[in-house]
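Below is one structure; the comments refer to it alone.
The structure presented is a predicted model; accordingly, all values stated were derived computationally and were not measured.
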Amino acid sequence: MVPTGLVLAVSGLLFTLGVIGVLIRRSALVIFMSIEIMLNAANLAFVTLSRAHAGMDGQIFAFFVMAVAAAEAAVGLAIIVAVFKRRHSTDVDQMALLKW
C-alpha cells in the first residue's frame with residue numbers, strides 16, 4: 001500500500017507541472033494538455049483523500065471532474081481546430097480572435 005503523503009506529493013508535482021506548462025508554453029495544444037494534467041492531479045488527490053478517509057466523496061468529485069474534462073476536451077479541441085484552419089497556427093499570441 002502506497003502512503004497517502006507520497007501520492008499527494010505526486011499529485012502536487014503533476015499540478016505544478018501543469019501550471020508551469022500553462023504559464024510558459026505558447027502553443028494552444030500544449031496549454032490544453034497542461035490543463036488536463038492539472039485536472040488529473042486534482043482527481044488523484046480526490047481519490048487518495050477519499051481512500052484515506054474511507055469515504056466516497058472524493059470519488060464522486062473525481063467523476064464530475066472527468067465529466068467536465070471530457071466536455072472541455074470536446075469544446076476546446078473544436079475551437080483549436082477551427083482557429084488552426086483559419087490561422088494555420090496554434091500560437092496563443094496570435095489568437096486575438098476570441099478577445100473582446
Is a side-chain N or O of [X] found less than 3.5 angstrom from the main chain of [Y], in a donor-acceptor match?
X: Thr4; Y: Ala52; result: no
X: Ser50; Y: Gly55; result: yes
X: Thr16; Y: Gly12; result: yes

Side-chain heavy-atom pair [X], [Y] within 4.5 angstrom cut-off:
X: Arg51; Y: Met1; value: yes
X: Asn40; Y: Val65; value: no
X: Val22; Y: Ser34; value: yes
X: Leu39; Y: Val68; value: no

Check for me, please, whether [X] and [Y] land in the same ILVMFWY cluster - side-chain distances under 4.5 Å, paths through other members count.
X: Leu6; Y: Leu13; result: no
X: Val10; Y: Ile37; result: yes
X: Val30; Y: Ile79; result: no

**Asked** Are Arg26 and Asp93 close enough for a salt bridge, meaning some N to O gap below 4.0 Å?
**Response**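 So Arg26 pairs with Asp93 through a salt bridge.
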**Request:** First locate atom CD1 of Ile80, then atom NZ of Lys85, and finally report the distance between them rounded to the nearest 0.5 Å.
**Result:**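 Atom-to-atom, Ile80:CD1 and Lys85:NZ are 14.0 Å apart.
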**Message:** Rounded at 0.5 Å granularity, tell me how far CG in Leu77 sits from CZ in Phe32.
**Reply:**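 One finds 4.0 Å between CG of Leu77 and CZ of Phe32.
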